[in-house]
Amino acid sequence: MAVVIQSARTVFPQIIGGHYVVPAGHRYFVERPEGRDDWLVLVSLRGVGRIHSGGNAFRLVPDHVALFPPGVTQGYRAWPGESWVFLWIHFFPPEDWHRRALLDLPLAPGHAFRLLDLRPAATPTRRRIRQALLECVSQAAQDTAFGDALAMNLLERALLLCAHEAAEAGNGREDAFAREIRALLARQCDRPLTVASLAAHFHVSPSRFAHRFRAVFGMPPMAYVELCRLERAKRLILAGLCDTVKAAALDAGFRDPCYFARRFRRRYGIPPGELIASASSPTRN
């Protein structure tokens, strides 16, 4: 059975999306030579899609995010002999998205559509982008008062993460593992952390995690965690957000204020209590 779609410029609501499962051998294809008035996101969830939008056929594999601007030819189907499960989202972006360059993903080589390859990115980053897109499609299907707004919010989150990933790649990307560690500790350094819990976040054994961490950062994981906590405490104190040593210690993830005070003085050459007094002084510059 063949499914042929040759619509040109049908106007949909602000956002609409869904999933499609194409079994191997099923003759499903979409042809829109003039594109559409809205934007289109295509993401392979499983299998391989075949995109033809000028130039040679392009293999759309899992963790590819394809973005079609208005007026760009849209032609896609399953790769011959392959099954394909994909996610699609049609949307009209607010003007603010253009100003913030959320839609400026790199052009696919030899094609007119835009493409971000997330395969080199850290696994948690890929997971967050995919989850946001899946939730966006689910929300867009709900007929509620705020359904479209919530769906657009989720799509914005996914595109922000994609834009950030594209910018990192364009700037000679820092090791994805290192970037994910920094982001994780920025969110969680005040929580109880162990080598085992950090390794679990990356789905590797503690020994393998510790070995890779030392290779990237040049120190053991928990020594680096302590540095992050001390930096957090110093920033909180200088911002006037901690009025006692105990508060600074707990807010930064230290459970023992005395130990925190010793490590802080060794690191910065001043007891945290003195820095708190200086930060809270009305005459400070």
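Numbering starts at 1 and runs along the sequence shown.
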- With hydrophobic residues grouped by side-chain heavy-atom distances under 4.5 Å, do Trp79 and Val21 end up in a single group? no
- Task: Determine whether Leu250 and Leu236 fall in the same hydrophobic cluster, where Ile, Leu, Val, Met, Phe, Trp and Tyr are linked whenever their side-chain heavy atoms lie under 4.5 Å apart.
- Result: no
- Item | Side-chain heavy-atom pair His201, Glu180 within 4.5 angstrom cut-off | yes
- For His98, does the NE2 atom have more than 12 heavy-atom neighbours from other residues, nucleotides or ligands under 6.0 Å away? yes
- Note on the structure: Rounded to the nearest 0.5 Å, the CG atom of Leu238 sits from the CD1 atom of Ile276 at a distance of 10.0 Å
- Exceeds 12 heavy-atom contacts within 6.0 angstrom, atom CZ of Arg208: no
- Message: Using side-chain contact (heavy atoms from CB on, under 4.5 Å), reason through Glu231 and Tyr268 one step at a time and then give a plain yes or no.
- Response: CA-CA 10 Å; Glu231 283 295 314; Tyr268 300 113; 2.6 Å; yes
- For the atom pair CD1 (Ile89) and CG (Leu134), what is the distance rounded to the nearest 0.5 Å? 8.5 Å
- Could you state the interatomic distance from SG (Cys162) to CZ (Arg114), rounded to the nearest 0.5 Å? 13.0 Å
- Task: Given side-chain contact (heavy atoms from CB on, under 4.5 Å), test Leu230 with Phe254 step by step and report yes or no.
- Result: CA-CA 9 Å; Leu230 289 170; Phe254 290 92; 3.8 Å; yes
- Nonpolar side-chain network containing Phe146, other nodes, edges under 4.5 Å: Leu150
- For Tyr76 and Leu40, what are the C-alpha separation, side-chain angles and deciding distance, and is it a side-chain contact (heavy atoms from CB on, under 4.5 Å)? CA-CA 12 Å; Tyr76 53 91; Leu40 168 66; 4.0 Å; yes
- Message: Are more than 12 heavy atoms, taken from residues, nucleotides or ligands other than Arg265, located less than 6.0 Å from that residue's CZ atom?
- Response: no
- Atom CZ of Arg266: over 12 foreign heavy atoms under 6.0 Å: no
- Given side chains that start at C-beta, do those of Phe264 and Arg267 come closer than 4.5 Å, heavy atoms only? no
- Task: Could you check whether the rings of Trp97 and Phe91 sit parallel, tilted or perpendicular, using 30° and 60° as the cut-offs?
- Result: tilted
- Query: Is the backbone N or O of Val61 less than 3.5 Å from a side-chain atom of His64, with the two atoms forming a donor-acceptor pair by type?
  - Reply: yes
- Task: Give me the ring orientation class for Phe68 and Phe113: parallel if the planes are under 30° apart, tilted from 30 to 60°, perpendicular past 60°.
- Result: parallel
- Note on the structure: Rounded to the nearest 0.5 angstrom, the CG-CG distance for Asn153 and Asp148 is 12.5 Å
- Query: Under 4.5 Å between any side-chain heavy atoms of Arg157 and Arg128, yes or no?
  - Reply: yes
- Measure across Ala261 and Val245 and return the closest heavy-atom pair with its distance rounded to 0.1 Å. CB-CG1, 4.4 Å
- Is there a side-chain contact (heavy atoms from CB on, under 4.5 Å) between Leu193 and Leu185 once you walk through the steps? CA-CA 9 Å; Leu193 294 172; Leu185 293 182; 3.7 Å; yes
- So does Arg127 have more than 12 non-hydrogen atoms from other groups sitting under 6.0 Å from CZ? yes
- Report whether Leu154 and Val41 are members of the same hydrophobic cluster (ILVMFWY, side-chain heavy atoms less than 4.5 Å apart, transitive linking). no
- Taking the side chain as every heavy atom from C-beta outward, state whether Pro192 and Arg255 have any pair of such atoms under 4.5 Å apart. yes
- Give a yes or no on whether the backbone of Arg27 and the side-chain of Arg77 come within a donor-acceptor separation of less than 3.5 Å. no
- Message: If you compare all heavy atoms of Leu42 against all heavy atoms of Trp88, which two are closest, and at what distance to 0.1 Å?
- Response: CD2-CB, 3.8 Å
- Item | Check: Pro62 and Arg130 side chains under 4.5 Å, non-hydrogen atoms | yes
- Could you pull out the closest heavy-atom pair between Arg229 and Cys189, with the gap in Å? NE-O, 2.6 Å
- Query: Which pair of heavy atoms, one from Glu31 and one from Gly75, lies closest together, and at what distance?
  - Reply: OE1-CA, 4.2 Å
- Task: Looking only at non-hydrogen atoms, find the nearest pair between Leu67 and Pro69 and report the distance.
- Result: O-CD, 3.5 Å
- Is there side-chain contact between His19 and Val85, with at least one heavy-atom pair below 4.5 Å? no
- Answer whether the closest heavy-atom distance between the side chains of Pro272 and Ile237 falls below 4.5 Å. yes
- Task: Verify the cluster assignment for Leu107 and Ile51: are they in a single hydrophobic cluster under the rule of side-chain heavy atoms below 4.5 Å apart?
- Result: no
- Query: When clusters are formed by joining ILVMFWY residues with side-chain heavy atoms under 4.5 Å apart, either directly or through shared neighbours, do Ile15 and Val137 land in the same one?
  - Reply: yes
- Query: Quick check: does any side chain N or O of Thr73 sit under 3.5 Å from a backbone N or O of Pro33, one acting as donor and the other as acceptor?
  - Reply: yes
- Task: Run the numbers on Arg182 and Tyr224 for side chain to side chain donor-acceptor pair (under 3.5 Å), then give the verdict.
- Result: CA-CA 10 Å; Arg182 297 184 201 281; Tyr224 185 78; 3.0 Å; yes
- Query: With under 30° as parallel and over 60° as perpendicular, where do the rings of Phe86 and Tyr20 fit, or are they tilted in between?
  - Reply: parallel
- Reported CD-to-SG distance for the pair Gln131 and Cys136, which is rounded to 0.5 angstrom: 11.5 Å
- Query: Do Met219 and Leu227 come close enough that some side-chain heavy atom pair is under 4.5 Å?
  - Reply: yes
- Could you tell me whether the side chain of Arg126 and the main chain of Arg119 form a donor-acceptor pair under 3.5 Å? yes
- Is Arg232 reaching over with its side chain to a backbone N or O of Asp251, donor-acceptor style, under 3.5 angstrom? yes
- Note on the structure: What one should report as the nearest heavy-atom pair of Ala248 and Ala233 is O-CB, 4.2 Å
- Note on the structure: Interatomic distance, CG@Leu105 vs CG@Leu103, rounded to 0.5 Å, equals 7.5 Å
